Amino acid sequence: MTKGNETKITDELYAYALAHNPPLDVVQRELVRTTYAELPDQAGMQSAQEQGPLLAFLVRLTGARHIVEVGTFTGFSALSMAQALPPGGVLIACDISEEWTAYGQDAWEKAGVADRIDLRIAPALDTLRAMPAEPHIDMAYLDADKGNYIAYWEELVPRMNPGGLVVTDNVLFHGRVTDPLATGGVAAIRGFNDHVAADARMESVLLTVADGLTLSRKR
């Protein structure tokens with residue numbers, strides 16, 4: 001078995017990659033800075049900087065009009081996806097924290113996309129289960145509590161339109177996912193990854209982007 005290449009992502013190489021990606025706009029940069037300044041202990045929960053342009057790219061690539069985000073935090077990923085939505089598109093953002101999502105709401109207003117984002121403060125499983133059961137979602141972004149990943153997946157997949165895309169973050173869990181003796185969140189991600197790989201309803205690829213990103217397409 002071969003790894004394919006030996007590229008190591010140094011700080012210099014990471015900066016080079018960011019410099020050759022679409023740059024964050026003023027509101028996105030301000031939100032990233034504010035998150036790290038105001039919530040330094042939780043800021044690592046924010047999607048990586050390169051994921052913002054990637055998520056926007058995927059929205060445009062798929063032509064998604066109805067997006068569901070499970071886990072919004074301070075709203076960087078929701079902002080990035082909402083900015084890429086076509087006219088009439090909507091993003092349902094699921095979170096349980098009014099404090100954290102308040103930062104996002106401020107940024108969404110500044111960016112002029114607040115009318116595209118439907119923030120629902122409640123346990124995400126409750127929000128998902130209240131949605132129509134038939135397929136109607138074009139794209140979903142899953143980045144929430146790891147212990148419920150499989151439960152979220154099982155609510156999302158039947159509601160995805162054919163060809164719909166589920167993007168799941170943190171599937172490498174800081175490189176610890178290879179530990180067979182793992183417990184807690186790492187064990188949950190290991191179980192989730194196995195669950196996704198065995199799901200014949202979806203076509204999935206696991207990528208080494210940021211902390212690991214799985215792209216899953218509804219067959």
Side-chain angles (χ1 to χ4, degrees), residues 4-5 7 9 14 16-29 31-32 46-73 75-94 104 107-108 111-118 128 131-132 134-144 149 152-153 155-172 192-193 196-197 199-219:
N5 66 66
T7 303
I9 305 300
Y14 182 64
Y16 180 89
L18 292 181
H20 288 78
N21 270 342
L24 301 187
D25 63 26
V26 172
V27 179
Q28 289 174 319
R29 291 198 305 271
L31 179 56
V32 170
Q46 184 170 251
S47 295
Q49 181 173 327
E50 67 271 25
Q51 287 174 275
L54 175 59
L55 289 169
F57 181 86
L58 292 173
V59 173
R60 297 187 183 101
L61 182 67
T62 60
R65 299 180 61 86
H66 188 178
I67 302 172
V68 173
E69 177 178 71
V70 181
T72 296
F73 189 42
F76 172 69
S77 51
L79 172 60
S80 301
M81 290 186 285
Q83 289 174 314
L85 276 170
V90 64
L91 185 153
I92 297 175
C94 307
W108 304 336
V113 297
D115 60 334
R116 305 179 193 178
I117 301 175
D118 178 0
L128 295 175
M131 293 179 181
E134 66 271 9
H136 63 283
I137 302 171
D138 299 315
M139 180 171 164
Y141 183 47
L142 177 52
D143 184 16
Y149 261 29
Y152 296 140
W153 175 267
E155 295 299 330
L156 286 167
V157 169
R159 294 172 168 85
M160 301 302 299
N161 284 323
L165 182 67
V166 179
V167 182
T168 307
D169 199 15
N170 303 121
V171 294
L172 296 180
F192 173 79
N193 290 342
V196 170
D199 193 333
R201 298 169 297 179
M202 305 290 284
E203 176 185 10
S204 299
V205 291
L206 192 159
L207 305 175
T208 55
V209 174
D211 190 31
L213 204 65
T214 292
L215 306 183
S216 305
R217 176 182 176 273
K218 182 76 172 287
R219 294 186 188 275

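Note that this is a predicted model, so its numbers are computed, not measured.
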Are Y152 and C94 close enough that some pair of their side-chain heavy atoms sits under 4.5 Å apart? no
Roughly how far apart are N161 CG and E134 CD, rounded to 0.5 Å? 9.5 Å
Note, K218 side chain near M202 side chain (heavy atom, < 4.5 Å): yes
R159 (side chain) donor-acceptor with P132 (main chain) under 3.5 angstrom: yes
Least distance between heavy atoms, G71 atom then A144 atom: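 Of all heavy-atom pairs spanning G71 and A144, the closest is CA-CB, 4.0 Å.
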Can you confirm whether V196 sits close enough to V166 that some side-chain heavy atom of one is under 4.5 Å from a side-chain heavy atom of the other? no
Using the side-chain contact (heavy atoms from CB on, under 4.5 Å) rule, take I117 and T72 through it: C-alpha gap first, then chi angles, then the decisive distance, then the call. CA-CA 11 Å; I117 301 175; T72 296; over 6 Å; no
Tightest non-hydrogen contact, residues P86 and R65, listed as CG-NH1, 3.6 Å
Could you tell me the separation between the OG atom of S77 and the CG atom of L54, rounded to the nearest 0.5 Å? 11.5 Å
Going by heavy atoms in the side chains, are I92 and M131 under 4.5 Å from each other?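 Sidechains of M131 and I92: in contact.
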Taking side-chain contact (heavy atoms from CB on, under 4.5 Å) as the criterion, tell me which of M139, R116, R60 meets it with M81. M139
I want to check something: taking the side chain as every heavy atom from C-beta on, are S216 and W153 in contact at a cut-off of under 4.5 Å? yes
Is there side-chain contact between V70 and E155, with heavy atoms separated by less than 4.5 Å? no
Just jot down the ring-ring contact (aromatic ring centres under 6.0 Å, His included) partners of Y149, sequence neighbours excluded, or say none.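 Checked Y149 against ring-ring contact (aromatic ring centres under 6.0 Å, His included); matches are F192.
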Could you tell me if Q28 and S80 have a donor-acceptor pair between their side chains, going purely by distance under 3.5 Å?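 Yes - a donor-acceptor pair under 3.5 Å links their side chains.
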Has the side chain of N193 got a donor or acceptor atom that lies under 3.5 Å from a matching backbone atom of V171? yes
Using side-chain heavy atoms (C-beta onward) and a distance below 4.5 Å, is L165 in contact with L61? no
Find the distance between OG1 (T168) and CG (L206) and round it off to the nearest 0.5 Å. 9.0 Å
Check whether N170 reaches the backbone of D211 with its side chain - one donor and one acceptor, N or O, closer than 3.5 Å.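 A pair under 3.5 Å: no.
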Checking the side chain of W108 only, and the main-chain atoms of G75 only, is there a donor and an acceptor separated by less than 3.5 Å?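 A pair under 3.5 Å: yes.
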Calculate, to the nearest 0.5 Å, the distance between atoms CD and CG belonging to Q51 and N21 respectively. 11.5 Å
Nearest heavy-atom neighbours spanning L31 and A107: CD2-CB, 3.9 Å
Heavy atoms, side chains only, cut-off 4.5 Å: are D25 and Q83 in contact? yes
Shortest non-hydrogen contact between P135 and P158, atoms and distance: CG-O, 3.6 Å
Out of curiosity, L207 CG to L215 CG, how far, rounded to the nearest 0.5 Å?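 Result: 5.0 Å between the selected atoms.
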State, to 0.1 Å, how close S47 and D143 come at their nearest heavy-atom pair, and which atoms those are. OG-OD2, 3.5 Å
Among L55, L24, L18, find the residue that satisfies the side-chain contact (heavy atoms from CB on, under 4.5 Å) test when tested with E50. L18
Test side-chain contact (heavy atoms from CB on, under 4.5 Å) applied to T208 and I9, step by step: CA-CA 11 Å; T208 55; I9 305 300; over 6 Å; no
Any sub-3.5 Å donor-acceptor pair from D138's side-chain atoms to I67's backbone N or O?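 Not at all, since once roles are kept as given, no pair shorter than 3.5 Å links the two residues.
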Would you say that more than 12 heavy atoms from the other residues, nucleotides or ligands in this model lie under 6.0 Å from the OH of Y16, or not?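 At most 12 heavy atoms, drawn from other residues, nucleotides or ligands, come within 6.0 Å of this atom.
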